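Worksheet for the structure shown next.
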Amino acid sequence: KTKRKREKYIARERCLAQVHVFKVFLWCYCRMYTIPRPVWMSIGQALNIVANLLFAFGRQSFLMPASAIMGFCFGVQVSVMIPTASELFGLKHFGVIYNFINMSIPLTSLFFSALLAGFLYDRKAGPSNICYGMQCFQLTFITLGCVCVVGILVSLFLSYRIRPVYKTLYPSGVHDT
């Protein structure tokens, strides 16, 4: 029992350490090099495309790495969206903005999981309502990869638009990227 508890504790602490290292790394890059946070969102979306392609075309051995990549990308998105919203819109109505960010997670989950994946699965299964193999959800993951491409484009556009804000917030930036 104590070995199991120790393993859980080590795993939890390792996760917390990774989160704090990422926060410090992101803070240093945002302030030192004035790289806008939406660029990191684009990087997360690009990794998300890799995970979706692993799900779509991969074998069963790719499920664990694809799940880990997907979880990491979700963590990047959530941890970057909140400070980005505060930098863009200020802190006056931050509670409302934060709640909209939190509301977007279950809404997109409903749309992509229940509606899109369900529709594409039913179409692939046909009248028998039975489908086996990776072809059942392959089109769903390809569609999610295409949505990630749109997300990258939007994030890069936002990065371009937010650049003057970063120059104002962090005027001591070393490089002009």
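Below, all heavy atoms of this structure are taken into account, side chains as well, without hydrogens, waters or symmetry copies. No experiment lies behind these values; they were computed from the predicted model shown.
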Is it the case that the side chain of Ser159 and the backbone of Val39 share a donor-acceptor pair, with hydrogens and angles ignored and the cut-off at 3.5 Å? yes
State whether the side chain of Ser86 and the backbone N or O of Pro83 hold a donor-acceptor pair below 3.5 Å, judged by distance alone. yes
Apply side chain to side chain contact (heavy atoms under 4.5 Å, CB included) to Phe112 and Leu144, showing your working. CA-CA 8 Å; Phe112 287 118; Leu144 290 175; 3.5 Å; yes
Using a 4.5 Å cut-off on heavy atoms from C-beta on, say whether the side chain of Cys148 contacts that of Asn52. yes
Should Leu47 and Phe72 be marked as a side chain to side chain contact (heavy atoms under 4.5 Å, CB included) after you check the CA-CA gap, both sets of side-chain angles, and the distance that decides it? CA-CA 9 Å; Leu47 288 172; Phe72 176 76; 4.0 Å; yes
Please report whether the ring centroid of Phe89 lies less than 6.0 Å from that of Phe94. no
Residue pair Cys73 / Gln45, side-chain heavy-atom distance below 4.5 Å: no
If you define the side chain from C-beta out and look only at heavy atoms, does anything of Phe74 sit under 4.5 Å from Ile105? yes
Shortest non-hydrogen contact between Phe55 and Met70, atoms and distance: CE1-CE, 3.5 Å
Of all the heavy-atom pairs spanning Gln138 and Ala56, show the shortest one and how long it is. NE2-O, 3.3 Å
Does any non-hydrogen side-chain atom of Ile162 lie less than 4.5 Å from one of Leu88? yes
Using side chain to side chain contact (heavy atoms under 4.5 Å, CB included), reason through Ile82 and Tyr98 one step at a time and then give a plain yes or no. CA-CA 7 Å; Ile82 295 168; Tyr98 180 76; 3.3 Å; yes
Using a 4.5 Å cut-off on heavy atoms from C-beta on, say whether the side chain of Gln77 contacts that of Asn48. no
Mind listing the closest non-hydrogen atom pair of Ala51 and Ala66 along with its distance? CB-O, 3.7 Å
Checking the side chain of Ser113 only, and the main-chain atoms of Leu110 only, is there a donor and an acceptor separated by less than 3.5 Å? no
Ala85 and Ile97: which non-hydrogen atoms are nearest, and at how many Å? CB-CG2, 3.6 Å
